[in-house]
Amino acid sequence: MPVFRVLVADDEPLMAEMLEEMLRADGMLVEVAHTGREALEKFRSRDFDLVLLDLRMPEMHGLQVLQEMKKEDPNVPVIVITAYGSVDNAVEALKIGAYDFITKPFKIEELRNAVARALEVEQLRREKAYLLSELQEEFHFEGVIGESPKMKEVMRIAQLVAKTDATVLICGESGTGKELLARSIHYQSNRRDRPFVVVNCGAITETLLESELFGHEKGAFTGAYTRKPGKFELADGGTIFLDEIGEMSPAMQVKLLRVLQERTFERVGGTTPITVDVRVIAATNRDLKRAVREGTFREDLYYRLNVIPIHLPPLRERKEDLPLLCDYLIARHCRKLHKKIRGISPQAMRMLRKYHWPGNIRELDNVLERAIILTQDDIIGVDDLQIFEAPGEHRWKTLREMEEEYIAQVLEYTGFDYEKAAAILGISPEELKTRTASTGTR
């Protein structure tokens, strides 16, 4: 259970003492102030989770104290307590930001319930702030770290665009981290407190995708037993991430274009226009320019989405980032798996550098997770990475080698009949014998 710190501001000694005893009995830390100025000084010198504030106090009126407290910290709940209750005072206190307004005399249980409710709200606010800070740390572009020139350019653009509402189109192969980059942009934006909603346009059929994006009214189609809000409604005020946008059908492209242009839509089966404030980030592993030329993707929609293009390079083009990525991924998996891995051996790192990484960072993540689970050491070695075989550098055959192989195949086909073989090869039997003699072919 968390320990809460409460400030009691009341000029009546008996009332202040009673409130202090009640709160301490409930396991709280309590400080008492008997004037408005003293209450404000204590509030500014320490963090409090709750304030019980009397309106009638010497030196400063309670409403003035409340106003100053809200300037200092607008999140702290303040319960106003007064023997001079009036509708005007209550309205003014609530307008300034008081959590509750209680008039004297009051029942102890009434106050206890008000305190419990206020602290519950404060606890939820704390948890939300903590989770948000965790998300911001997780998505502070860490999953897309890199010191390679290409990744530095990605980071530069992402950091610039994060503070705006501009539409972003992220292009890159599967597994390069497009969704992670989109989340990072969202959690570094002014919309961070609002939803980040993901829609995989390639994993949903056309008929279901319309309902998924825009929602539907009750009875709009078979199985629509209730009204359902769509992803655009759920993302209102926040960000919607349209993954695999290149897989969207032409009919859906038209409907999406209208939403991007007008920011309004109707639910399936509905007639009432719904207006939303949503930032759009789209992603694709297809070449949308080629799709536009081929007529499978609308040109006007492409330009609506391609306001800020970001290209995520494949891992094979940024292998200098492998040590940083491995450090990050190993640390993350070690926290999850409760293991201690100090790093990767030089031989294992060389093996990782030789591999082509067709699955990109997603594949690297899986490889390292399995290696961490399987290793019996605190260093990941080559043996821990035997789940794949890193191919060696491809060696091209010389013309002489190819000629020798071809002559040998023709001789074998003719049963080493030099007359027939020479005829097939277009040379004389004597020349064929000379060539085979120099190569050791029978």
Side-chain angles (χ1 to χ4, degrees), residues 132 135 139 157-171 178-179 181-218 220-221 224 226-284 286 288-289 291-292 296-310:
L132 183 58
L135 283 171
F139 296 111
I157 297 172
Q159 288 170 339
L160 288 173
V161 77
K163 303 303 180 185
T164 74
D165 283 335
T167 303
V168 180
L169 178 62
I170 304 174
C171 302
K178 296 187 290 294
E179 182 177 337
L181 179 61
R183 286 182 184 274
S184 300
I185 291 172
H186 170 75
Y187 285 111
Q188 297 306 310
S189 75
N190 296 327
R191 297 173 178 265
R192 66 178 68 91
D193 293 328
R194 305 297 297 165
F196 177 83
V197 177
V198 178
V199 182
N200 188 327
C201 302
I204 308 171
T205 62
E206 180 181 346
T207 52
L208 290 178
L209 182 58
E210 183 177 4
S211 172
E212 189 76 7
L213 288 174
F214 310 126
H216 61 252
E217 297 290 348
K218 180 180 179 180
F221 50 82
T226 59
R227 170 188 287 177
K228 176 190 172 185
K231 298 295 188 182
F232 269 95
E233 281 182 81
L234 297 175
D236 191 22
T239 302
I240 188 166
F241 176 58
L242 302 175
D243 198 8
E244 296 189 37
I245 191 73
E247 307 303 319
M248 188 175 281
S249 70
M252 281 303 303
Q253 291 176 34
V254 174
K255 293 173 181 177
L256 176 61
L257 179 62
R258 181 198 166 196
V259 176
L260 296 181
Q261 289 173 333
E262 302 174 12
R263 300 292 169 174
T264 61
F265 58 90
E266 294 89 36
R267 298 190 188 99
V268 177
T271 56
T272 304
I274 299 170
T275 302
V276 291
D277 171 26
V278 175
R279 183 196 196 152
V280 175
I281 300 179
T284 181
R286 294 183 60 194
L288 289 190
K289 285 185 179 179
V292 169
T296 58
F297 199 84
R298 292 183 63 95
E299 185 176 18
D300 44 8
L301 177 58
Y302 171 72
Y303 288 117
R304 279 281 176 182
L305 294 171
N306 197 42
V307 178
I308 304 292
I310 299 179

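Along the sequence shown, residues carry numbers from 1.
- Here the closest non-hydrogen pair linking T164 and L160 is CG2-O, 3.8 Å.
- Closest heavy-atom contact between G246 and F297: CA-CE1, 4.2 Å.
- Under the 3.5 Å distance criterion, the side-chain polar atoms of Q253 are matched with a main-chain donor or acceptor of R298.
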Take T264 and R258 through the test side chain to side chain contact (heavy atoms under 4.5 Å, CB included) and record every step on the way to the result.
CA-CA 8 Å; T264 61; R258 181 198 166 196; 4.1 Å; yes

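- Among residues two or more places apart in sequence or in another chain, the salt bridge (charged side-chain N to carboxylate O under 4.0 Å, His left out) test is passed with E299 by none.
- With contacts defined as side-chain heavy-atom distances shorter than 4.5 Å, the pair M248/L213 qualifies.
- Of the inter-residue distances, the one linking C171 atom SG with L305 atom CG reads 10.0 Å to the nearest 0.5 angstrom.
- Listed here is the closest heavy atom pair of I308 and A166: CG1-CB, 3.9 Å.
- Between H186 and F196, the ring planes are tilted. Angles from 30° to 60° get that label.
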Show, in sequence, the C-alpha distance, side-chain angles and deciding distance for V168 and L181, and conclude whether the side chain to side chain contact (heavy atoms under 4.5 Å, CB included) test is met.
CA-CA 11 Å; V168 180; L181 179 61; over 6 Å; no

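- For the pair L256/L242, a side-chain contact is recorded, criterion being any heavy-atom separation below 4.5 Å from C-beta on.
- Under the 3.5 Å distance criterion, the side-chain polar atoms of K178 are left unmatched by any main-chain donor or acceptor of L169.
- For the pair K255/F265, no side-chain contact is recorded, criterion being any heavy-atom separation below 4.5 Å from C-beta on.
- The salt bridge (charged side-chain N to carboxylate O under 4.0 Å, His left out) check on E212 picks up K228, K231, with sequence neighbours excluded.
- Residues passing the salt bridge (charged side-chain N to carboxylate O under 4.0 Å, His left out) test with D236: none are found, sequence neighbours excluded.
- Two residues are said to be in side-chain contact when any heavy atoms from C-beta on lie closer than 4.5 Å; T167 and L260 fail this criterion.
- In this structure, CZ in R192 is found 11.0 Å from OG1 in T239, a value given to the nearest 0.5 Å.
- Summarising the geometry of P195 relative to L234, their closest heavy-atom pair is CG-O, 3.2 Å, with the distance given to 0.1 Å.
- Of all the heavy atoms in R286 and A291, the pair that sits closest is NH2-CB, 3.8 Å.
- R304 is listed as a side-chain neighbour of Q261, based on a closest heavy-atom distance under 4.5 Å.
- Few gaps surround NZ on K163; more than 12 heavy atoms of other groups in view lie less than 6.0 Å from it.
- Paired with R267 under the rule side-chain hydrogen bond (donor to acceptor under 3.5 Å, both in side chains), one option of H216, E217, E210 passes, and it is E217.
- Using a 30° and 60° split on the angle between ring planes, F214 and F232 fall in the parallel class, below 30°.
- We find the CD-CD distance between E244 and E179 to be 10.5 Å, quoted to the nearest 0.5 Å.
- Within the 4.5 Å cutoff, side-chain heavy atoms of V199 are placed close to those of L209.
- Minimum interatomic distance between V278 and A235 (heavy atoms only, all atoms of both residues): CG2-O, 3.7 Å.
- Remark: I170 CD1 to F241 CZ distance equals 5.5 Å, nearest 0.5 Å.
- Judged purely by atom type and a 3.5 angstrom limit, T284 has no side-chain atom pairing as donor or acceptor with the backbone of I245.
- A salt bridge (Lys or Arg N to Asp or Glu O under 4.0 Å) with D165 is found for one member of R263, R279, R191 and no other, namely R191.
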